[in-house]
*Asks:* 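This is the structure I have questions about; it appears just below.
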Amino acid sequence: MKNQEIARIFSEMADILEIKGDNPFKIRAYRRAALNIEGLSRSVEDLSRDELLEIPGIGEELAAKIEEYIGTGAIHAHDKLKGEIPSGLLSLLAVPGLGPKTARQIFEQRHIASIDDLERAAREHKLAGIPGIQKKTEENILKGIATVQQGHERRPLGRVLPLALDLVEELRKRARFGAIEIAGSIRRRKETCKDIDIVATSPAPEEAMKAFITLPAVEQIIMHGPTRSSVVISDGLQVDLRVVAEESFGAALAYLTGSKGHNVRLRDMAVKQGLKINEYGIFREKDEARLGGAKEEDVYRLLGLPFIPPEMREDQGEVEAALAGRLPQLISQADIRGDLHVHSRWSDGGHTIEELVAAAKARGLSYLAITDHSQGLGVAHGLTVERLMAQKQEIAALNIQLTGFTILHGTEMDIKSDGSLDFPDQALKELDLVIASIHSGFKQTKEQITTRIIKAMKNPYVSIIAHPTGRLIGERDPYEVEMDDILRVAADTGTAIEINAYPLRLDLNDSHARRAKELGVPLVINTDTHSISQFDTLPYGIAIARRAWLEKGDVLNTLAVKDLRKRLKGNKGLGIN
DNA sequence: GCCGTTTTCGGCCCGACTGTTTTCAGTCG
């Protein structure tokens, strides 16, 4: 996908323009374009000129540059800009606290254009004396370099969200708080987050801030003011706390939830309506009269917009959809009626089918598909055809005893490296549903892997493709796959694609899932449970679905089991409705 | 460079905190 490459180029062009001191609005235009291309659900290669122009923040000039890149593999204006500053100077911008103005000064006055040289100069106090730099700035630069070297990568939502909830609980124990909410990218449920933003009210703001900066987990205080403080906690994660008055809580929550692009859009709309939005409220421009701000809804209502759910606030067309009254009714966890991807002790799961059923019932589900691994996956104790048939008997017997709950019998069948399927059709047609997925040959070419998956989808018994890119966030890159081709074939064959809720998978991701919806691909949200606690990862799958603008009707396992059987591709099974 | 029920030209979101300053620029979110 060229999107990431083009986004990186636009972002780099913005950096260079900033170092050069170019028009700030032009710089912002490049940054906005970069962000929006990065979050796009389709590859720019597949878009016509008109479709490119529909992307927020892309006009004639940038559309032409995108086309130039697709055609020639380079953008002339980018190469030209790169020639105007020394290579290496850009790398200085990676140091937190060191921006374009200072970087430029450092280069012009000391001819420093690498982080190594910068570190040496700071240690030897050779930066002091540059306008605006004294001892303290040298120290901060050294701290910033340490942060860069430690690696400040984004972390999976599945790690950061529980950590954030713990911090909130800890804060409540240590100081008096009124409202307290996690904001930022965690609230938008981005799949990875680089910091934790908390917004709160307190009857004793100073006490609240004090409690925050003295939390046991705090390793470094970046800044500490009366309404805002930032710290770094033990594992290198930055945490920001904002404390505001009750009348401002909603405005602050909206502001700190972002995204930045979304906020800019709202504020822009406000200005045009003679209003002003900041983190303290919504005000009338002419007399500064406060119109609202206690509730987040105020912000949207006063702009004449319906409430936009946090997961959609990415400046990816949600403002336009809201204006047109076309906001989707996002799916919620309560809509999910069953889980279609569950492993039992028959393969590599930790529990018996009965235990899994009890856990699913306790969570309000009304059906479950037992989908143990197939024979080829030896490490997971995959089932032979004989064991699969024995399992079928067990499930049939259990179903007779159950009321108001149905166990579907399925398999998670391996798509083997050579593209063949691990069970013969005669076995597959005995099942209620068939998941096919890849567990080997990750290093194959994009064409090979795409072909393997497409071949599986063309099998009439394959109902679902699970975790279609195989990624493990932060641990294993997705394998190369032409997702748009996969999704088109899925739509043609009626094969469902899974959103795997396991926090390190989240596969499909949000932008692929949004594209799937556009193409009319049926989707399912599954936990891929191997142990009972994993049922509780469902909210992460829901989060991805909501970020993809999915509605209840887009997801098959919101259906009652009877209707699910009608919609799932493959054998309708012999089971009980 | 984008964008338009105020505009096709002239606007473009807003504030906290820090360090280095004698009143503010730079950076960040």
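For clarity, every value in this text was computed on a predicted model and none was experimentally measured.
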*Asks:* Assign A/Pro96 to base, sugar-phosphate, or nothing according to its heavy-atom contacts below 4.0 angstrom with the strands shown.
*Replies:*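 A/Pro96: backbone/sugar contact only, no base atoms under 4.0 Å.
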*Asks:* What is the distance from atom CZ of A/Arg505 to atom CZ of A/Arg476, rounded to the nearest 0.5 Å?
*Replies:*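 A/Arg505 atom CZ to A/Arg476 atom CZ measures 6.0 Å (nearest 0.5 Å).
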*Asks:* Pick base, sugar-phosphate or nothing for A/Lys260, based on heavy-atom distances below 4.0 Å to the nucleic acid.
*Replies:* base
*Asks:* Verify the contact: side-chain N or O of A/Lys135 to OP1 or OP2 of B/dG19, cut-off strictly under 4.0 Å; return yes or no.
*Replies:*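 No, A/Lys135 has no side-chain N/O under 4.0 Å of OP1/OP2 on B/dG19.
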*Asks:* Between A/Arg32 and A/Pro100, name the one whose nearest nucleotide on DNA chain B is closer to the 5' end.
*Replies:* A/Arg32
*Asks:* Can you check whether any acceptor in the base of B/dG15 is under 3.5 Å from a donor in the side chain of A/Tyr255, or vice versa?
*Replies:*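 Between B/dG15 and A/Tyr255, which were checked side chain against base, a qualifying N/O pair under 3.5 Å is absent.
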*Asks:* I'd like the C1' distance from B/dT7 over to B/dC2, given in whole Å.
*Replies:*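 To the nearest whole Å, 13 Å.
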*Asks:* Describe the nucleic acid contact of A/Tyr280 in one word from base, sugar-phosphate, nothing, applying a heavy-atom distance below 4.0 Å.
*Replies:* sugar-phosphate
*Asks:* Within 45° of the axis and under 6.0 Å from the centre of the six-membered ring of A/Phe307, does NZ or CZ of A/Arg313 qualify?
*Replies:* yes
*Asks:* Would you tell me if any nitrogen or oxygen in the side chain of A/Arg28 comes within less than 4.0 Å of OP1 or OP2 on B/dC13?
*Replies:* yes
*Asks:* Check whether any side-chain nitrogen or oxygen of A/Thr227 sits under 4.0 Å from OP1 or OP2 of B/dC17, and answer yes or no.
*Replies:*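 For A/Thr227, the contact criterion (side-chain N or O under 4.0 Å from OP1 or OP2 of B/dC17) is met.
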*Asks:* Using the P atom in both, what is the distance from B/dT23 to B/dA16, to the nearest Å?
*Replies:*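 After rounding to an integer number of Å, I get 22 Å for this pair.
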*Asks:* The side chain of A/Val271 is closest to which nucleotide in this list: B/dG1, B/dA16, B/dC14?
*Replies:* B/dC14
*Asks:* Rounding to an integer number of angstrom, what distance separates B/dC13 and B/dT18 when you compare their P atoms?
*Replies:*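 One P to the other, the span is 26 Å.
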*Asks:* Roughly how far apart, to the nearest Å, are B/dG10 and B/dG15 at atom C1'?
*Replies:*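 To the nearest whole Å, 25 Å.
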*Asks:* Which one, B/dC13, B/dG1, B/dG26, comes nearest to the side chain of A/Asp268?
*Replies:*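 Of B/dC13, B/dG1, B/dG26, B/dC13 is nearest to the side chain of A/Asp268.
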*Asks:* Go through B/dG29, B/dG1, B/dG15 for me and flag the one nearest to the A/Asp240 side chain.
*Replies:* B/dG29
*Asks:* Round to the nearest Å and state the distance from A/Met269 atom CE to B/dG4 atom P.
*Replies:*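 From A/Met269 CE to B/dG4 P: 12 Å.
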*Asks:* Between A/Met209 and A/Thr137, which residue's closest nucleotide on DNA chain B lies nearer the 5′ terminus?
*Replies:* A/Met209
*Asks:* For A/Arg110, is the CZ atom crowded, meaning more than 12 foreign heavy atoms sit under 6.0 Å from it?
*Replies:* yes
*Asks:* Just to be sure I understand the rule, does A/Ile27 reach a base, reach only the sugar-phosphate, or reach nothing, if contact means heavy atoms closer than 4.0 Å?
*Replies:* nothing
*Asks:* Heavy atoms under 4.0 Å, any strand shown: does A/Pro131 hit a base, just sugar-phosphate, or nothing?
*Replies:* nothing
*Asks:* If you only use heavy atoms from C-beta on, which nucleotide in B/dT27, B/dC17, B/dG19 is closest to the side chain of A/Asn140?
*Replies:*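 Of B/dT27, B/dC17, B/dG19, B/dG19 is nearest to the side chain of A/Asn140.
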*Asks:* With sugar-phosphate meaning primed atoms plus P, OP1 and OP2, does A/Arg265 contact a base, only sugar-phosphate, or nothing at under 4.0 Å between heavy atoms?
*Replies:* nothing
*Asks:* Report yes or no: do A/His78 and A/Glu12 form a side-chain donor-acceptor pair below 3.5 Å?
*Replies:* yes
*Asks:* Counting only Watson-Crick or G-U wobble pairs whose two distances fall under 3.5 Å, which nucleotide matches B/dT8?
*Replies:*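 When the pairing criteria are applied, nothing turns out to pair with B/dT8, so the answer is none.
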*Asks:* For atom CD of A/Glu475, decide whether the heavy atoms of other residues, nucleotides or ligands shown that lie under 6.0 angstrom number more than 12.
*Replies:*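 Atom CD in A/Glu475 is packed in, count exceeds 12.
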*Asks:* How many angstroms lie between atom CZ of A/Arg31 and atom CD of A/Glu18, to the nearest 0.5 angstrom?
*Replies:*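 That separation rounds to 4.5 Å.
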*Asks:* Examine B/dC12: is either OP1 or OP2 under 4.0 Å from a nitrogen or oxygen in the side chain of A/Lys272? Give yes or no.
*Replies:*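 Answer no for this pair, as no side-chain N or O of A/Lys272 is under 4.0 Å from OP1 or OP2.
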*Asks:* For A/Ile277, report the nucleic acid contact type (base, sugar-phosphate, nothing); a contact means any heavy atom under 4.0 Å.
*Replies:* sugar-phosphate
*Asks:* How many Å lie between CE on A/Met223 and C1' on B/dC17, as a whole number?
*Replies:*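 One finds 5 Å between C1' of B/dC17 and CE of A/Met223, rounded.
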*Asks:* Look at the side-chain N and O atoms of A/Ser230 and state whether any lies under 4.0 Å from the OP1 or OP2 oxygen of B/dC17.
*Replies:* no
*Asks:* Atom CD of A/Glu320 to atom C1' of B/dC3: distance rounded to whole Å?
*Replies:*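 The answer, rounded to whole Å, is 12 Å.
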*Asks:* Roughly how far apart, to the nearest Å, are B/dT6 and B/dG11 at atom C1'?
*Replies:*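 Those two atoms are separated by 12 Å.
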*Asks:* For A/Leu98, answer base if it contacts any base atom (sugar-phosphate contacts may also be present), sugar-phosphate if it contacts only those atoms, and nothing otherwise; contact means non-hydrogen atoms under 4.0 Å.
*Replies:* sugar-phosphate
*Asks:* Measure from CD on A/Gln238 to C1' on B/dC28 and round the result to the nearest Å.
*Replies:*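 One finds 9 Å between C1' of B/dC28 and CD of A/Gln238, rounded.
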*Asks:* Is the shortest side-chain N to carboxylate O distance from A/Glu84 to A/Lys80 below 4.0 Å?
*Replies:*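 Looking at A/Glu84 and A/Lys80, the cut-off is met.
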*Asks:* Can you check the distance between B/dC28 and B/dT22, where both ends of the measurement are the P atom (answer in whole Å)?
*Replies:*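 Those two atoms are separated by 23 Å.
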*Asks:* Please determine if a side-chain N or O atom of A/Asn23 lies less than 4.0 Å away from the OP1 or OP2 oxygen of B/dG1.
*Replies:*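 Answer no for this pair, as no side-chain N or O of A/Asn23 is under 4.0 Å from OP1 or OP2.
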*Asks:* Quick one: A/Arg31 CZ to B/dG29 P, roughly how many Å, whole number?
*Replies:*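 Whole-Å distance recorded here is 12 Å.
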*Asks:* When the P atoms of B/dT21 and B/dT27 are considered, how many whole Å apart are they?
*Replies:* 15 Å
*Asks:* I need the CG-C1' distance between A/Asn263 and B/dC28, as an integer number of Å.
*Replies:* 14 Å
*Asks:* Check the distance between B/dC14's P and A/Phe25's CZ and give it to me in whole angstrom.
*Replies:*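 To the nearest whole Å, that distance equals 11 Å.
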*Asks:* With rounding to the closest Å, how many angstrom separate the C1' atoms on B/dG26 and B/dT20?
*Replies:* 11 Å
*Asks:* Please report, rounded to the nearest Å, how far the P atom of B/dT18 is from the NZ atom of A/Lys143.
*Replies:*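 Atom-to-atom, A/Lys143 to B/dT18, this comes out as 11 Å.
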*Asks:* If you look at every strand shown and take non-hydrogen atoms under 4.0 Å, does A/Asp195 touch a base, only sugar-phosphate, or nothing?
*Replies:*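 Counting heavy atoms under 4.0 Å across all strands, no contact is made by A/Asp195.
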*Asks:* I want to check one thing: is the phosphate of B/dT21, taken as OP1 and OP2, less than 4.0 Å away from some side-chain N or O of A/Gln134?
*Replies:* yes
*Asks:* Is the CD atom of A/Glu206 crowded by more than 12 outside heavy atoms at less than 6.0 Å?
*Replies:*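 No, because the 6.0 Å sphere around CD of A/Glu206 holds 12 heavy atoms or fewer from other groups.
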